[in-house]
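Beneath this line is the structure, given in structure tokens, with notes to follow.
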Amino acid sequence: MASEFFDKVYKVVRLIPEGKVTTYGHIARFLGETRSARVVGYAMNASHNDSSIPAHRVVNRSGVLTGKHFFTGSTLMQDLLESEGIKVIEDQVQSFESHLWNPIDHLDQEPFIDNIIG
DNA sequence: CACCTGACTGAAT
DNA sequence: AATTCAGCCAGGT
């Protein structure tokens, strides 16, 4: 059962393009809850069952795959990212900033984002 | 019903 | 520069 906040988190995560990643903090900030980054992570945990949510594209602010332990197998999260063209070494996304997709940067370009904030 | 914990982060010390 | 603290939400004990 997802709260309104969780629901928004899921919608944002689903918008992350292939080959891109974003962070818990960016999502939280985008939703106007800068300090709820932790809850974003918790939302991902809660959404663990929903395969439509590309949780592997969400990493922490350093580009580290903090949530990989929650994926089946020890390297699935990394494999998924690498299959999208993102190189990962020791749980750390390489060229992290160049792969970073910040939803806030797309506020003007992505009309459907308005639906999320609603 | 009170307390603890967790895929985090920015500010304060 | 490194470490600690507080804040956020939901679910479990």
Side-chain angles (χ1 to χ4, degrees):
Chain A
M1 130 121 224
S3 72
E4 190 177 335
F5 183 75
F6 277 29
D7 197 42
K8 288 179 183 174
V9 171
Y10 301 148
K11 287 180 181 173
V12 177
V13 172
R14 277 192 272 248
L15 292 182
I16 306 173
E18 248 185 56
K20 293 290 178 182
V21 296
T22 195
T23 74
Y24 306 95
H26 279 119
I27 294 172
R29 194 157 109 90
F30 173 73
L31 296 177
E33 296 287 345
T34 314
R35 311 200 164 143
S36 301
R38 196 177 186 189
V39 183
V40 173
Y42 194 72
M44 303 312 295
N45 183 17
S47 74
H48 178 273
N49 284 330
D50 196 331
S51 55
S52 71
I53 300 176
H56 59 282
R57 299 194 188 124
V58 185
V59 297
N60 81 351
R61 77 178 198 99
S62 309
V64 176
L65 277 52
T66 46
K68 78 159 196 170
H69 204 76
F70 290 75
F71 284 77
T72 307
S74 52
T75 58
L76 179 58
M77 184 174 185
Q78 174 173 340
D79 289 343
L80 289 171
L81 289 173
E82 296 196 326
S83 73
E84 297 180 357
I86 297 176
K87 192 167 186 182
V88 177
I89 298 177
E90 308 246 327
D91 300 342
Q92 165 73 49
V93 174
Q94 304 301 295
S95 308
F96 172 54
E97 292 190 11
S98 68
H99 290 301
L100 183 57
W101 183 81
N102 187 343
I104 298 174
D105 290 342
H106 298 261
L107 265 181
D108 303 337
Q109 308 156 37
E110 311 277 2
F112 47 78
I113 287 182
D114 288 336
N115 276 336
I116 298 174
I117 302 177

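Reminder, nothing fancy here: chain letters follow the sequence lines and each chain counts from 1.
Of the candidates B/dT9, C/dC9, B/dA7, B/dT9 carries the atom nearest the A/A37 side chain, counting heavy atoms from C-beta on. You'll find that the side chain of A/M44 is closest to B/dA7, out of C/dG7, B/dA7, B/dC8. Minimum atom distance to the side chain of A/Y42 is reached by C/dC9, of the listed B/dA7, C/dC9, B/dT9. Set against B/dA7, B/dG6, C/dC8, the side chain of A/R38 has B/dG6 as its closest nucleotide. In this structure, of B/dG6, C/dA10, B/dT9, it is B/dG6 that holds the atom nearest to the side chain of A/F70.
In this structure, CD of A/E4 is placed 10 Å from P of C/dA10, rounded to the nearest angstrom. Nucleotide B/dG6 holds its C1' atom 15 Å from the NE2 atom of A/H48, rounded to whole Å. Whole-Å rounding puts the A/R35 CZ to B/dA11 C1' distance at 8 Å. Here the P atom of nucleotide C/dA10 and the CG atom of A/D7 are 12 Å apart, to the nearest Å. When rounded to the nearest whole Å, the span between CD of A/E33 and P of B/dG10 equals 15 Å. A/L81 places its CG atom 18 Å from the P atom of B/dA7, with the value rounded to the nearest Å. Taking atom CZ of A/F5 as the reference point, atom C1' of C/dG7 lies 12 Å away to the nearest angstrom. In this structure, the OH atom of A/Y10 is 10 Å from the P atom of C/dA10, given to the nearest Å.
Contact check, A/S3 against C/dC9: no side-chain N or O comes under 4.0 Å of OP1 or OP2.
A distance of about 22 Å separates the P atoms of C/dC8 and B/dC1, rounded to the whole Å. When the C1' atom is compared between B/dA7 and C/dA2, the two are found 24 Å apart, to the nearest whole Å.
For A/G67 against A/F71, the heavy-atom pair with the smallest separation is O-CD1, 3.4 Å. The shortest non-hydrogen separation linking A/Y10 to A/A46 is OH-CB, 3.8 Å.
B/dA7: no Watson-Crick or G-U partner with both key distances under 3.5 Å is found in any strand.
Residues A/K68 and A/D91 have side chains in contact (heavy-atom distance under 4.5 Å, counting atoms from C-beta outward). Between A/L31 and A/I116, the closest side-chain pair of non-hydrogen atoms falls below 4.5 Å.
Using a 4.0 Å heavy-atom cutoff across all strands shown, A/R61 reaches sugar-phosphate atoms only and no base atom. At the heavy-atom level, A/A55 lies under 4.0 Å from base atoms of the strands shown. Within the nucleic acid shown, A/N60 comes within 4.0 Å of sugar-phosphate atoms alone, with no base atom in reach, counting heavy atoms only.
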**Item:** side chain to side chain contact (heavy atoms under 4.5 Å, CB included) between A/T23 and A/L100, intermediate numbers included
**Value:** CA-CA 8 Å; A/T23 74; A/L100 183 57; 4.1 Å; yes
